[in-house]
Number of protein chains: 2
Amino acid sequence: MDKLAKVIKNHRKKAGLTQKELADLSGLGKTVIFDIEKGKETVQFNSLIKVLNALNISLNVSSKLMENEVTINEKS
Amino acid sequence: MDKLAKVIKNHRKKAGLTQKELADLSGLGKTVIFDIEKGKETVQFNSLIKVLNALNISLNVSSKLMENEVTINEKS
DNA sequence: TCATTTTTACTGCTAAAGCAGTAAAATCAA
DNA sequence: TTGATTTTACTGCTTTAGCAGTAAAAATGA
């Protein structure tokens with residue numbers, strides 16, 4: 001979860017956004033952005049998806065039982 | 001989100017688990033398992049991770065800004 | 001250095017997620 | 001078909017995530 005936090009913070013920085021700006025862009029409150037980047041585990045999956053979409057980050061699942069990886073969110 | 005629901009349901013079936021069994025295995029209530037497989041978007045990220053770990057499904061992020069994909073949960 | 005911006009952290013409050021219990025509907029297996 | 005299992009769906013109840021507001025700490029930059 002900490003890894004995800006770092007990825008998100010990194011992308012936000014590279015996009016030149018403040019936490020507040022990312023919050024507005026994602027349609028969320030600033031608190032959640034802060035919490036996510038802090039690595040808080042108990043956030044809504046929905047909130048995470050909104051942030052990932054705003055930052056154009058793909059979320060994928062894979063396993064030994066699957067031939068191909070599957071992308072969960074729709075932004076590329 | 002619907003895609004994720006199908007992946008999870010599929011893996012559960014292949015593992016020969018009922019929703020209740022997966023719930024216990026994940027340390028969650030049966031309601032959440034049902035909700036997740038129904039494609040409910042407003043579930044705790046934490047809950048999802050627990051289910052994915054129980055089913056040995058990797059959750060990964062990727063983007064154009066990243067060279068390599070990053071795995072979020074620790075189970076392979 | 002000093003002012004401005006940003007981040008971190010805390011506060012109640014409100015909305016809702018998660019829970020077990022129950023029961024009907026659906027699925028499965030003998 | 002028939003009985004047992006599983007899934008779907010709904011019920012209150014409890015816990016808590018998310019919210020804005022505020023302010024201190026940290027970072028930025030002129």
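Since we're looking at a predicted model, the values are computed, not measured. In what follows, chains carry the letters A, B, and so on, assigned in the order in which the sequence lines appear, proteins first and then strands, with residues in each chain numbered from 1. Excluded from the calculations below are hydrogen atoms, water molecules and symmetry mates; all remaining heavy atoms, backbone and side chain alike, are included.
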**Q** Under the salt bridge (charged side-chain N to carboxylate O under 4.0 Å, His left out) definition, can you give me all pairs with a residue in residues 23-32 of chain B, not counting sequence neighbours?
**A**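 Listed by first then second residue: Lys20(B)-Asp24(B).
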**Q** How many angstroms lie between NZ in Lys3(A) and CG in Asn60(B), if you round to the nearest 0.5 Å?
**A**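 Rounded to the nearest 0.5 Å, the NZ-CG separation comes to 9.0 Å.
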**Q** Starting at atom CD of Glu37(B), determine the distance to atom C1' of dT8(D), rounded to an integer number of angstrom.
**A**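 Rounded to the whole Å, the gap is 11 Å.
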**Q** Would you mind reading off the distance between Ile36(A) atom CD1 and dT7(C) atom P, rounded to a whole angstrom?
**A**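 After rounding, the gap between these two atoms is 14 Å.
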**Q** Mind checking what makes side-chain hydrogen bond (donor to acceptor under 3.5 Å, both in side chains) contact with Gln19(A), not counting sequence neighbours?
**A**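 For Gln19(A), the residues satisfying side-chain hydrogen bond (donor to acceptor under 3.5 Å, both in side chains) (neighbours in sequence not counted) are Glu37(A).
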**Q** Quick one: stems for DNA chain D, with Watson-Crick or G-U pairs under 3.5 Å, at least three in a row?
**A**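 DNA chain D forms these stems: C:1-30 with D:1-30.
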**Q** Taking C-beta and beyond as the side chain, do Ile36(B) and Phe45(A) meet within less than 4.5 Å on heavy atoms?
**A**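 No - every pair of side-chain heavy atoms lies 4.5 Å or more apart.
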**Q** Begin with the C-alpha distance, continue with both residues' side-chain angles, and end with the deciding distance and a verdict on side chain to side chain contact (heavy atoms under 4.5 Å, CB included) for Leu55(B) and Leu65(A).
**A** CA-CA 10 Å; Leu55(B) 294 173; Leu65(A) 299 181; over 6 Å; no
**Q** Test of understanding: with side-chain contact (heavy atoms from CB on, under 4.5 Å), list the residues that count as partners of Glu21(B), not counting sequence neighbours.
**A**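 Residues passing side-chain contact (heavy atoms from CB on, under 4.5 Å) with Glu21(B): Leu17(B), Thr18(B).
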**Q** Whole Å only: how far is the CG atom of Leu22(B) from the C1' atom of dT7(D)?
**A**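 From Leu22(B) CG to dT7(D) C1': 14 Å.
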**Q** In whole Å, what is the span from the CZ atom of Phe34(B) to the C1' atom of dA23(C)?
**A**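 To the nearest whole Å, that distance equals 14 Å.
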**Q** Hey, mind stepping through Leu52(A) and Ile8(A) against side chain to side chain contact (heavy atoms under 4.5 Å, CB included) and telling me if it holds?
**A** CA-CA 7 Å; Leu52(A) 293 178; Ile8(A) 288 175; 4.1 Å; yes
**Q** Would you say Arg12(A) reaches dT6(C)'s phosphate, i.e. side-chain N/O to OP1/OP2 under 4.0 Å?
**A**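 No, no such contact exists.
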**Q** Between the protein and nucleotides 17-20 of chain C, which nitrogen or oxygen pairs are less than 3.5 angstrom apart?
**A**
unit_1: dA17(C); atom_1: OP1; unit_2: Thr42(B); atom_2: OG1; d: 3.3
unit_1: dA17(C); atom_1: O5'; unit_2: Thr42(B); atom_2: O; d: 3.3
unit_1: dG18(C); atom_1: OP1; unit_2: Gln44(B); atom_2: N; d: 2.5
unit_1: dC19(C); atom_1: OP1; unit_2: Gly29(B); atom_2: N; d: 3.1
unit_1: dC19(C); atom_1: OP2; unit_2: Gly29(B); atom_2: N; d: 3.1

**Q** Strictly distance-based, threshold 3.5 Å: is any side-chain N or O of Asn73(B) a donor or acceptor partner for the main-chain N or O of Leu59(B)?
**A**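 It does hold such a pair.
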**Q** Please check this pair: side chain of Asn56(A) against backbone of Ser63(B), looking for a donor-acceptor N/O pair closer than 3.5 Å.
**A**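 Flag not set: sc Asn56(A) to bb Ser63(B) has no pair under 3.5 Å.
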**Q** Let's see if you get this right: which residues in residues 13-21 of chain A place a heavy atom under 4.0 Å from DNA chain D?
**A**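 Under 4.0 Å from DNA chain D: no residue of residues 13-21 of chain A.
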